[in-house]
Structures are given as structure tokens and as C-alpha cells.
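Order of listing sets the numbers, starting from 1, for every ligand and every atom in it.
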Amino acid sequence: MGACMSSGGVEITEEEKRLHREAEKSLKEAKLKLSKQVKVLLLGSGDSGKSTILKQMRLIHRVPFSSQEIESYRQLVFNNLTHGLYSVIEAMEDMELEVSPENSWLVQKIQEASDIKDGEPFPIEYRDILKQLWEDPNVQAAYSRGNEAALPENLTYFFSDLDRLFDPSYQPTEQDIVQTRARTIGITETVFTLRDHEMLMVDVGGQKSERRKWIHCFQDVTSILFLVSLSGYDQCLVEDKDAILFLNKNDLFEKKVQHSDIKNFFPDFDGEPGDAKAGREYFRKRFARLAQKANAKEREIYIHVTTATDTAMLRVVMAAVEE
Ligand SMILES: Nc1nc2c(ncn2[C@@H]2O[C@H](COP(=O)(O)OP(=O)(O)OP(=O)(O)O)[C@@H](O)[C@H]2O)c(=O)[nH]1
Ligand SMILES: [Mg+2]
């Protein structure tokens, strides 16, 4: 038999009692905090705006971008300009369009452009090369048919401001950061401290090859924020969790419906051509129906129409979502 300790012989001092109470209290608090932590998983196809939502959350909840990150975004702006324009040029062949003969030598310059190194300003000769090629009427014609080839949608934003971007002292603004485009590879987790709880937001890549990684992210998920690009007249997928659906890129959608009739893609749409409001209602209903079908357990689905590049709007929408 082991030795038995008699409590009678052990003196517990007031100080020890106090320490014990304190330890118990902080344990309780830690447990409470953990139970209150929500884990939000961002899902959606490539380019739907998941990482943009994460960037906006960082701006809204003050998780600042490090100088290293800002430098990477600066380099990414140049990459988005050159690669973005080159993808338009590549798409021109299928569209049976050609760059004007006097501009054709510029194409190779774009193709050859190398990435920017740390601290290196954008090579100034590219300012006019990019400008001239962007203004080529056939390049513009191809870009306006961007939906045929999934062309980057941020080119209008960056190309309308080349002088600012090519200033040797250029630093990306918050809006520039939000407009940059880079496919997410792997999984990133970011913690936000909200008023009375923490939120862990998980961003994954939406490209086909990345989707098999999604399965690793579902553990302990409290909500899924699913993004669909309205401007892509895309399709949806719903999971068996409380789900929030963002019908995103509303700004581009409003512009696009002016010249691309929804009825051509969804024959049962019965709104007038150019009627963005009717279009939104149509897609909202379609997704709500889809969600209902996929949702045997009748969980709630909340649908919001968003423009993820608009910080002020995201502030309002995310405040509602965080409830
Ligand atoms: N105009 C406009 N652009 C948007 C909106 N949402 C996202 N974008 C842009 O769309 C591009 C792609 O957005 P991302 O957030 O990187 O897309 P993603 O879903 O993370 O894509 P993957 O990481 O490949 O899965 C970026 O250039 C964004 O600036 C929007 O509401 N309006
Ligand atoms: Mg992403």
C-alpha cells in the first residue's frame, strides 16, 4: 500500500488559496475564450474573391500588412500588369483579333518582362510599352470580351493609373492591395479579435487543383462563407453547416449586364436586358433554391450581395455576418 497523506498535517496558507483561485479563474477564462472562438472557412471557386475578403478583414480589424507583405504586393502589381496584359493578347488568337502591326514588337517586350526584385522600381520603359499596347483598339476589343477567356478583371483599375504606379517612390495603397490578384496556394489562417470573441478565418485556394485541400479545413468550423462571382454568372455548392453566401463582384455585374444579357446564358431569366436588380434577385433565388435542395437539415443560409473590393461596404456586411 502506498503512503497516505493526512490533510490534517498540511497547512494551506491564504496565499496558496489565492493562487489556486487565480489559476482556476484563468483556466476558466481560457476555456470560455476557446468555446467562443469561431472558425470561418472561406470557400468558393478560383477568383471569386476569398482572399479579398481576408484582406478587407485585416483592414477592418487592424491586422496590418507588414512591410515585407507591402513590398510583395508592390511587385505583384507589376506582375498583374504584364501577365494580365499578356493573357489578353494570348486570348486574342481565339477571338480572331490581332494587335496592330505597329504595336506587335511590344508584345515580345511584355512577354519578356521579368519580375521586380526587392526595392527595385518598375522599369520606366514599361510605362509607355504597357500604355501603348493597352490602348491598342483590338486589345480593348478583346478585353471587353473578357468573359470568353476568364481574363483578369483588375486591369481597368491598374491600367487607368500607370503614371502613379511607375513613380519610383510608388508604394501600394490599401485599394491597390485589395485589387491585386494572386492565386492562393495552400491554406492561410488569420486570427481576428472581435468585440467579445476571436475569429479564425481560413482562406484556401479555389482553383481545381487546390480544392482537394479543402477537406483538411472542416474540423471545428462554425461557419462557412461561400463566395460566388456574380459577374461570372457562376454556379454554387452548399455544405452541411450554417452557410453564408456572398454573391460577389456586384460592381462588375452591374456593368456587365448592360451589354451582356443574362437571358443568353440563363434562358428562364425573365427580367429586362440590363436590369441588374432583377438579375440579382434571379441569382439570389436560384442559389436559395439550390441551397434548400442540398440542405436536408434545413440549416439557415444567409445570402449577401457584395463588392469585396469596397472596404466601406465590407465593414457593414462583415459586421452583420459576425453577429
Ligand atoms: N471589381 C471587383 N473585383 C473583385 C471583387 N472581389 C474580388 N475582386 C478581384 O478579383 C480578383 C481575385 O480575387 P481573389 O480574392 O484573389 O480570389 P480568390 O477567390 O482568393 O481566388 P483563388 O485564391 O485563386 O481561389 C482580385 O483581383 C480582386 O481584386 C469585387 O467585388 N469587385
Ligand atoms: Mg485566394
Side-chain angles (χ1 to χ4, degrees), residues 40-60 65 69 72-85 87-88 143-144 146-147 149-161 165 172-190 201-214 217 224-237 244-258 276 279-280 283 303-318:
V40 176
L41 176 58
L42 292 163
L43 293 182
S45 55
D47 209 40
S48 56
K50 299 178 292 299
S51 302
T52 311
I53 297 285
L54 182 66
K55 288 176 192 168
Q56 295 284 17
M57 284 294 286
R58 291 186 61 173
L59 294 174
I60 294 167
F65 295 102
E69 284 176 299
S72 313
Y73 283 121
R74 189 185 70 88
Q75 297 173 16
L76 186 58
V77 169
F78 186 73
N79 168 291
N80 280 187
L81 285 168
T82 51
H83 286 67
L85 184 53
S87 65
V88 181
Y143 191 59
S144 69
N147 63 319
L151 297 178
E153 292 175 310
N154 61 359
L155 297 188
T156 311
Y157 175 84
F158 285 121
F159 273 89
S160 64
D161 223 355
L165 306 181
T173 62
E174 288 180 350
Q175 188 53 215
D176 293 347
I177 291 177
V178 162
Q179 289 281 347
T180 55
R181 179 189 202 235
R183 289 177 183 174
T184 302
I185 308 288
I187 296 159
T188 61
E189 297 192 333
T190 313
M201 195 171 247
V202 184
D203 182 27
V204 298
Q207 306 287 327
K208 274 218 178 90
S209 56
E210 286 293 308
R211 289 184 206 159
R212 65 194 138 88
K213 297 180 190 161
W214 289 7
C217 308
I224 294 172
L225 204 164
F226 203 94
L227 276 101
V228 168
S229 165
L230 258 185
S231 82
Y233 305 168
D234 240 353
Q235 60 167 30
C236 158
L237 207 200
I244 304 158
L245 176 65
F246 278 11
L247 299 179
N248 191 37
K249 302 199 178 179
N250 183 47
D251 56 333
L252 300 171
F253 176 74
E254 290 197 334
K255 287 200 191 109
K256 188 175 271 187
V257 292
Q258 301 310 322
R280 274 192 296 270
F283 286 114
I303 303 183
H304 298 268
V305 174
T306 59
T307 295
T309 43
D310 180 344
T311 311
M313 174 200 262
L314 254 286
R315 199 186 288 278
V316 177
V317 177
M318 290 311 295

According to ring pair (Phe, Tyr, Trp, His ring centres under 6.0 Å), who are the partners of Phe65, at least two apart in sequence or on a separate chain?
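Partners of Phe65 under the ring pair (Phe, Tyr, Trp, His ring centres under 6.0 Å) test: Tyr73.
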
Restricting to ring pair (Phe, Tyr, Trp, His ring centres under 6.0 Å), what partner residues turn up for Phe158, sequence neighbours left out?
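Ring pair (Phe, Tyr, Trp, His ring centres under 6.0 Å) check on Phe158 returns nothing, list empty.
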
Please indicate whether any nitrogen or oxygen in Gly46 is less than 3.5 Å from any nitrogen or oxygen in ligand 1.
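There is no such contact.
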
Under 3.5 Å, N or O to N or O, is Gly49 touching ligand 1 that way?
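Gly49 vs ligand 1: N/O contact under 3.5 Å present.
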
Out of curiosity, is [X] lining ligand 1, as in a heavy atom under 4.0 Å away?
| X | result |
| --- | --- |
| Ser45 | yes |
| Gly44 | no |
| Thr180 | yes |
| Lys249 | yes |

Every N, O or S from the protein that is nearer than 2.8 Å to the Mg ion (ligand 2):
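Under 2.8 Å from the Mg ion (ligand 2) - ignoring waters, which are not counted - the protein N, O or S atoms are Ser51 OG, Thr184 OG1.
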
Report the nearest protein non-hydrogen atom to atom 21 (O) of ligand 1: residue, atom name, distance rounded to 0.1 Å.
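Protein heavy atom at minimum distance: Asp47 N, 2.8 Å.
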
Numbered atoms of ligand 1 (with element) below 4.0 Å of [X], judged on heavy atoms:
| X | value |
| --- | --- |
| Thr307 | 31 (O), 32 (N) |
| Arg183 | 23 (O), 24 (O) |
| Val178 | 28 (C), 29 (O) |

Asp47: which residues meet the salt bridge (charged side-chain N to carboxylate O under 4.0 Å, His left out) condition with it, sequence neighbours left out?
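Salt bridge (charged side-chain N to carboxylate O under 4.0 Å, His left out) list for Asp47, sorted by chain: Arg181, Lys249.
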
Side chain to side chain, Asn250 and Arg280, heavy atoms closer than 4.5 Å:
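Sidechains of Arg280 and Asn250: in contact.
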
